[in-house]
Structures are given as structure tokens and as C-alpha cells.
Amino acid sequence: PIVLAGLIGLSLLLVWNWANHPKLGNNMTTDQFNTIKNHHIWLILVISYMVLPPVSNKQLQVFDCIEVSDGLYLRADTAIDCESSAYLQFRGFVFMFIALYQLIPIVWMCLLYQKKEALDPLTSNYDPRLAMFIRDNNPSLASLRFLFRDYKCNKWWFEI
């Protein structure tokens, strides 16, 4: 998943270089580039959204040791001794990746926080349908839409 996200980011970088190259004589407008950028960001976010639960589940299995008559062994593979130095080193390595993967929802939160005014465009004395219409037609929110699509502008706190 990390490599795939890197390749998507690399393709966006290539599009950006092509769009800004003086000798290619392209006619890409800023709006066209922003549309391409939003598609790339959306793809990375969707991949992270789909990959986070199963990868986290596999990562956490590293800490699930069971007691057998002669010691502690990994539940997923009882050939691995949970008290061995190799296991303890590997557990530290996995812990770093668990921390890395758990940053993904924090990144989602930061991306949404940056767009908080656009997510609730009319903050006082407004028609909720008008606010939803404005929000749903805002092109700057296109790449993030799947994260908030099911929430009404003034009802986001129902999930907390």
C-alpha cells in the first residue's frame, strides 16, 4: 500500500512537471491540473481507507501470544516463541509500523480540519439544504468527499 501510494504521488509529480514544462507547449489550465490532483489525492485516500483495517489487524496479531505448557507462543504461528530475542526485536519493528498506520486517520482529520469552513459553509441561521448544496458542489472538497458524504453539515457530531 505504501509503494502504491508512492507511485500515485510520483505520477502526480510527473503530471505537474509536464504541466509546467516550458518546451512542451501544453494547454493545461489550473482547473484541469487541480482536477487531476484531486483524483490522485482521492485515490491515495481511498486506498488508505481500504487498507487500514486489515493491515492493522495483521499488525496487532504480532502481540497475541498464548501460553502453552513450556512457554509463550504466537497464536498466529505457534512455531514462534514470544520470549525469544528475535521475536522481541521484530515486535519493536512492528510497533513502529503500527504507529505509522495509526497516523492515517489523523491525516484524514487534518485534511478535513483544513477545509472546515467549506464543510459547513453557512455557520449561523441557515437552511441546511442550502448548506448541503453549497458543500456538495464545492470542487475543492472532491477528493475528501467520501470521508464526509453521509454527514449533514450541522450534524457531524452525531458520530462522536
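Following chains of ILVMFWY side-chain contacts shorter than 4.5 Å, one cannot reach L103 starting from V46, and the two form parts of different hydrophobic clusters. V62 and I66 fall into different hydrophobic clusters, where Ile, Leu, Val, Met, Phe, Trp and Tyr are joined by side-chain heavy atoms under 4.5 Å apart, directly or via other members. Residues L72 and I80 do not share a hydrophobic cluster, defined by chaining ILVMFWY side chains whose heavy atoms lie under 4.5 Å apart. By the rule that hydrophobic residues join a cluster once side-chain heavy atoms approach within less than 4.5 Å of another member, Y49 and M109 end up as members of separate clusters. In terms of hydrophobic clustering, with Ile, Leu, Val, Met, Phe, Trp and Tyr side chains grouped at heavy-atom distances under 4.5 Å, M96 and V51 are assigned to a common cluster.
Between K58 and Q61, some side-chain heavy-atom pair lies under the 4.5 Å cut-off. No side-chain heavy atom of L112 sits under 4.5 Å from any side-chain heavy atom of K116. With a 4.5 Å cut-off on side-chain heavy atoms, L119 and Y151 do not count as touching. Put simply, the side chain of R145 reaches to within 4.5 Å of the side chain of D136, judged on heavy atoms. Proximity of K115 to L141: side-chain heavy atoms (C-beta onward) are separated by under 4.5 Å at one or more points. Contact check for Q102 versus S56: side-chain heavy atoms found under the 4.5 Å cut-off. Side-chain atoms of I41 and L43, non-hydrogen and from C-beta on, never get closer than 4.5 Å to each other. Between L45 and L144, the closest side-chain pair of non-hydrogen atoms falls below 4.5 Å.
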Practice problem: Go through S48 and W108 one step at a time and tell me if the side chain to side chain contact (heavy atoms under 4.5 Å, CB included) criterion holds. | Solution: CA-CA 10 Å; S48 72; W108 298 338; 3.2 Å; yes
Exercise. Show your working on side chain to side chain contact (heavy atoms under 4.5 Å, CB included) between F63 and L74 and close with a plain yes or no.
Key: CA-CA 8 Å; F63 300 106; L74 194 62; over 6 Å; no
Quiz prompt | Working for side chain to side chain contact (heavy atoms under 4.5 Å, CB included), residues V68 and D70 | solution = CA-CA 6 Å; V68 182; D70 61 340; 4.2 Å; yes
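Of the possible polar contacts, none joining the N57 side chain to the P53 backbone as a donor-acceptor pair under 3.5 Å is found.
Environment of CD in E67: sparse, with no more than 12 heavy atoms of neighbouring residues, nucleotides or ligands closer than 6.0 Å. Environment of CZ in F146: crowded, with over 12 heavy atoms of neighbouring residues, nucleotides or ligands closer than 6.0 Å. Within 6.0 Å of atom CZ in F95, 12 or fewer heavy atoms from other residues, nucleotides or ligands are found, so the atom counts as exposed in its surroundings.
Atom CG of L100 is separated from atom CD of Q59 by 8.0 Å, given to the nearest 0.5 angstrom. Between the CG atom of N38 and the OG atom of S140 there is a distance of 8.0 Å, given to the nearest 0.5 Å.
Aromatic ring pairs are classed by plane angle as parallel below 30°, tilted from 30° to 60° and perpendicular above 60°; the pair F93 and F97 is perpendicular.
Taking each heavy atom of C65 and Y87 in turn, the nearest pair found is SG-OH, 3.5 Å. The minimum heavy-atom distance between N138 and A118, with the atom names listed, is ND2-CB, 3.4 Å. The heavy-atom pair separating P121 from A131 by the smallest distance is CG-O, 3.5 Å.
For the residue pair H40/S11, the side-chain donor-acceptor check at 3.5 Å is satisfied.
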